[in-house]
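Remarks on the structure that follows.
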Protein chains: 2
Amino acid sequence: MLKLSKLTDYAVVALVRLGQKDEVTTSPVLSRSTGIPEPTVAKVLKILATQGIVISQRGARGGYRLAYPLEEISIAAVIQAIDGPISLTTCVDGGECDARSTCGLGGQWDMVNAAIRNALSAITLADMKNHTVLDRLGGLGNPAPSMLVGPEATA
Amino acid sequence: MLKLSKLTDYAVVALVRLGQKDEVTTSPVLSRSTGIPEPTVAKVLKILATQGIVISQRGARGGYRLAYPLEEISIAAVIQAIDGPISLTTCVDGGECDARSTCGLGGQWDMVNAAIRNALSAITLADMKNHTVLDRLGGLGNPAPSMLVGPEATA
DNA sequence: TTCTATTTGGACCGAAACAGTACTGTTTCA
DNA sequence: TGAAACAGTACTGTTTCGGTCCAAATAGAA
Ligand code: FES
Ligand code: FES
């Protein structure tokens with residue numbers, strides 16, 4: 001469905017919430033303030049900690065805090081942290097593709113990947129919080145001439 | 001992993017191949033010329049047919065042909081046909097999200113979705129075939145200030 | 001006209017990835 | 001020393017995905 005995992009969704013919510021106070025916050029507290037079930041938010045935070053996006057403080061009175069200001073954390077970074085690398089297709093770089101020899105459109109996918117990566121890298125968590133995405137980008141990048149073909153395919 | 005399904009990958013390959021001859025082609029033929037396993041390419045074509053991207057002709061001497069020229073079929077359209085709608089998160093439009101009330105960043109995801117949709121809509125199958133993506137877009141849209149934060153997260 | 005070869009159409013099934021949960025161990029502060 | 005909080009791992013149920021199989025339809029030949 002080309003949708004990012006629910007975990008990533010939660011991660012963004014949690015991170016934005018974290019960025020609102022500049023102090024360590026525990027998983028239970030974050031769970032209550034975000035509405036995300038506690039075990040889940042804990043898992044997400046753990047992953048983000050290993051990826052260096054949040055800094056953890058163990059022990060009593062411990063918790064998590066952002067490793068960078070919201071302005072410096074891009075959506076792409078969060079997605080990569082949770083879901084792994086952003087490569088749309090299997091046939092990139094060292095990827096294996098059954099049809100490699102006959103396919104014809106060799107590494108064209110890399111271009112598509114780059115396009116998406118760029119789109120996601122241009123949006124920061126601060127933008128998510130402040131609703132300023134359009135401003136910063138000056139209008140969502142390239143015009144995009146409608147969806148083309150668009151067999152309304154909304155099914 | 002934010003990767004699109006292998007089926008979509010195959011779909012693009014098959015469609016580009018289809019666009020090279022302006023005549024009906026059968027699944028077995030396409031399978032041989034693309035290297036994609038026959039049952040799989042058949043399935044892909046079937047889906048594309050229901051979505052109106054290719055036109056099917058049943059019976060003996062039947063096969064498939066493109067419903068539009070390659071220039072008018074965007075990557076986004078193909079993805080939507082195979083993988084369903086492009087909505088990165090569960091909490092869009094009518095989507096359900098557990099944390100709706102407390103999350104704070106209401107419909108901000110819609111913006112992200114739009115960004116991706118635009119990036120994908122700007123690339124057509126003809127671009128894939130001719131390697132002219134960069135030309136048409138004048139440089140992949142917005143600069144994208146590095147990945148930001150980029151905890152190399154390539155794991 | 002009938003029959004058959006050919007090709008698409010739709011249903012089915014097994015495998016893999018994902019989300020969520022639970023438990024145990026380690027660290028820190030009061 | 002004890003409680004609080006994170007770290008890591010392992011397990012389980014569910015969903016999605018990739019692949020296979022059989023039935024309906026059409027064109028052409030007999
Ligand atoms: S689609 Fe994989 S090599 Fe072309
Ligand atoms: S993340 Fe779902 S409503 Fe905000």
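We name chains A, B, ... by the order of the sequence lines, and we start the count at 1 in each one.
At a threshold of 4.5 Å between non-hydrogen side-chain atoms, the residues Thr124(A) and Leu70(A) do not count as touching. Contact check for Asp22(B) versus Arg65(B): no side-chain heavy atoms found under the 4.5 Å cut-off. Using a 4.5 Å heavy-atom cutoff, the side chains of Leu7(B) and Thr40(B) are in contact. The shortest distance between side-chain heavy atoms of Ile116(B) and Ile116(A) falls below 4.5 Å. Taking 4.5 Å as the limit, every side-chain heavy atom of Thr34(A) sits out of range of all side-chain heavy atoms of Tyr10(A). Side-chain atoms of Lys43(A) and Pro39(A), non-hydrogen and from C-beta on, never get closer than 4.5 Å to each other.
Atom CD1 in Ile36(B) sits about 17 Å away from atom C1' in dT20(D), given to the nearest Å. The separation between Gln51(A) atom CD and dC6(D) atom C1' is 17 Å, rounded to whole Å. The distance from atom CG of Leu45(B) to atom C1' of dG18(D) is 16 Å, rounded to the nearest whole Å. Rounded to a whole Å, the NZ atom of Lys6(A) is 13 Å from the C1' atom of dT16(D). The CD1 atom of Ile79(B) sits 16 Å away from the C1' atom of dC17(D) (whole-angstrom rounding). To the nearest angstrom, C1' of dT7(C) lies 13 Å from CZ of Arg32(B). Spacing between atom CD1 of Ile55(A) and atom P of dA7(D) amounts to 11 Å, rounded to whole angstrom units. Rounded to an integer number of Å, the gap from Ile53(A) CD1 to dC6(D) C1' is 18 Å.
Remark: side-chain polar atoms of Asn130(B) are paired, donor with acceptor, to backbone N or O of Ala126(B) under 3.5 angstrom.
In the set dA19(C), dC6(D), dG9(C), dC6(D) carries the atom at the smallest distance from any side-chain atom of Ser56(A). Counting only heavy atoms from C-beta on, Ala49(B) has its side chain closest to dG9(C) among dA5(D), dG9(C), dG20(C).
With sequence neighbours excluded, the residues forming a side-chain contact (heavy atoms from CB on, under 4.5 Å) with Thr8(A) are Leu4(A), Ser5(A), Val78(A), Ile79(A), Ile82(A), Asp83(A), listed by chain and number. By the side-chain contact (heavy atoms from CB on, under 4.5 Å) test, Arg58(A) pairs with no residue at all, sequence neighbours left out. Listed by chain and residue number, Leu18(B), Val29(B), Leu30(B) satisfy the side-chain contact (heavy atoms from CB on, under 4.5 Å) test with Thr25(B) (two or more places apart in sequence, or in another chain).
Within the 4.0 Å cut-off from OP1 or OP2 of dT21(C), at least one side-chain nitrogen or oxygen of Thr40(A) is found. Distances shorter than 4.0 Å separate none of the side-chain N or O atoms of Thr26(B) from OP1 or OP2 on dT8(C). Side-chain nitrogen and oxygen atoms of Tyr10(B) include none within less than 4.0 Å of the OP1 or OP2 phosphate oxygen of dG19(D).
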### Task
Encode nucleotides 11-16 of chain C as B, S and - characters from 5' to 3', where the letter depends on protein heavy atoms closer than 4.0 Å: B to the base, S only to sugar-phosphate, - to neither.
------
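Here Leu7(A) lies in heavy-atom contact (under 4.0 Å) with sugar-phosphate atoms only.
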Could you list all N or O pairs between the protein and nucleotides 28-30 of chain C that sit under 3.5 Å apart?
| from | atom 1 | to | atom 2 | distance (Å) |
| --- | --- | --- | --- | --- |
| dT28(C) | O2 | Ala60(A) | N | 3.0 |

### Message
Just to be sure I follow the notation: if a pair is Watson-Crick (purine N1 to pyrimidine N3 plus N6-O4 or O6-N4) or a G-U wobble (N1-O2 and O6-N3), each under 3.5 Å, what dot-bracket string does DNA chain D give, with | for pairs to another strand?
### Response
||||||||||||||||||||||||||||||
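Remark: the Asn118(B) side chain and the Ser121(B) side chain contain no N/O donor-acceptor pair separated by less than 3.5 Å.
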### Message
Would Asn113(A) and Arg117(A) count as a side-chain contact (heavy atoms from CB on, under 4.5 Å) here? Give the steps.
### Response
CA-CA 6 Å; Asn113(A) 290 333; Arg117(A) 248 190 298 259; 3.6 Å; yes
